[in-house]
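Heads up: numbering here begins at 1 and tracks the sequence.
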Amino acid sequence: MLEPIGLDERDEAVYDALIRRTRATAAELAADCGLTPRAAARVLRSLVELGLASAGRERPVRYAAAPPDSALEAVLREREQALNGVRSQVADLMSLYRAGSNFAHPGDLVEVVSGRDEVNRAWTQMQRASRTQVRGFDCPRTRRPPGTANPTRSSWSCSPGV
């Protein structure tokens, strides 16, 4: 559930265990989560860096969970700011892309996709990137039995160059 903010399953398990206890040592949380104390301590250090936990001064160190509502909200805001920074660079990158494509050969600007897996990948990517709609044109190759005449051109047929 917390993967979008950078926590993997192990991190989330330790965080959940710490929330349940409110205060615990790395060894206690390791036992709760089936981890080694060293692995639990690594996770706890990253939770402290994110602001989801704090470390006490006693030995062994006891960790305390930060209230999830405020701690997770702070992490979310930080991630949103980072994403907004990336989003603001998109316009600049598109300007550079367009400037470079002005001097490109037209054949270099068209991506030809073939093969079922590649077509599915490209289609999924277009759907995810679209803002309003995706339009496509599919022209399957028609096969004629040997010795038959070319069919007449009609509104539904596809031919090279169309």
Side-chain angles (χ1 to χ4, degrees), residues 1-26 28-30 32-57 61-141 158 160-162:
M1 178 178 99
L2 299 176
E3 286 179 13
I5 63 167
L7 298 181
D8 62 21
E9 288 180 26
R10 179 186 290 182
D11 299 338
E12 190 170 345
V14 172
Y15 183 56
D16 286 347
L18 182 58
I19 287 172
R20 289 186 210 330
R21 287 180 171 261
T22 63
R23 292 183 57 78
T25 65
E28 292 168 337
L29 294 169
D32 290 351
C33 300
L35 301 172
T36 64
R38 177 174 271 169
R42 256 192 319 270
V43 170
L44 286 163
R45 280 193 298 275
S46 69
L47 293 176
V48 169
E49 287 175 15
L50 284 170
L52 300 176
S54 61
R57 296 184 185 268
V61 177
R62 294 187 69 76
Y63 295 87
D69 59 349
S70 59
L72 288 172
E73 186 62 34
V75 174
L76 288 171
R77 266 190 262 113
E78 185 178 297
R79 299 282 190 223
E80 285 174 348
Q81 286 174 350
L83 290 173
N84 286 334
V86 171
R87 193 171 283 125
S88 69
Q89 290 182 338
V90 170
D92 296 337
L93 293 171
M94 281 307 298
S95 295
L96 293 172
Y97 176 78
R98 284 187 194 103
S101 66
N102 286 339
F103 303 105
H105 185 275
D108 295 338
L109 301 176
V110 175
E111 178 182 8
V112 177
V113 182
S114 60
R116 179 176 291 185
D117 292 339
E118 285 301 308
V119 169
N120 287 336
R121 179 201 55 78
W123 181 251
T124 302
Q125 182 180 4
M126 283 189 297
Q127 286 178 322
R128 287 182 177 158
S130 70
R131 293 186 183 155
T132 56
Q133 60 180 297
V134 176
R135 295 182 182 185
F137 180 74
D138 184 17
C139 182
R141 295 180 185 211
C158 297
V162 174

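Here CG of L44 is found 9.5 Å from CG of L35. Values are rounded to the nearest 0.5 Å. Atom CD in E28 sits 12.0 Å away from atom OH in Y63 (nearest 0.5 Å). Here the CD-SG distance, from E12 to C33, works out to 11.0 Å after rounding to the nearest 0.5 Å. The CG atom of L50 sits 6.0 Å away from atom CZ of R79, with the distance rounded to the nearest 0.5 Å.
When all heavy atoms are compared, the tightest approach of A66 to A71 is CB-CB, 3.7 Å. Taking every heavy atom of both residues into account, L18 and A24 meet most closely at CD1-N, 4.0 Å.
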Report task. Give the intermediate values and the outcome of side chain to side chain contact (heavy atoms under 4.5 Å, CB included) for residues R21 and D32. Result -> CA-CA 10 Å; R21 287 180 171 261; D32 290 351; 2.6 Å; yes
Query raised in the report: Which is it for L72 and I5 under the side chain to side chain contact (heavy atoms under 4.5 Å, CB included) test, yes or no, and what are the steps along the way?
Result: CA-CA 9 Å; L72 288 172; I5 63 167; 3.6 Å; yes
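Taking the side-chain hydrogen bond (donor to acceptor under 3.5 Å, both in side chains) definition, one finds that E73 meets it with nothing, sequence neighbours left out. For R45, the side-chain hydrogen bond (donor to acceptor under 3.5 Å, both in side chains) test picks out no residue, with sequence neighbours left out.
A donor-acceptor contact shorter than 3.5 Å links the side chain of D11 to the backbone of D8.
By the neighbour-count criterion of 12 heavy atoms within 6.0 Å, atom CZ of R62 is densely surrounded, having more than that number from other residues, nucleotides or ligands. The environment of CD in Q127 is crowded: more than 12 heavy-atom neighbours from other residues, nucleotides or ligands sit within 6.0 Å.
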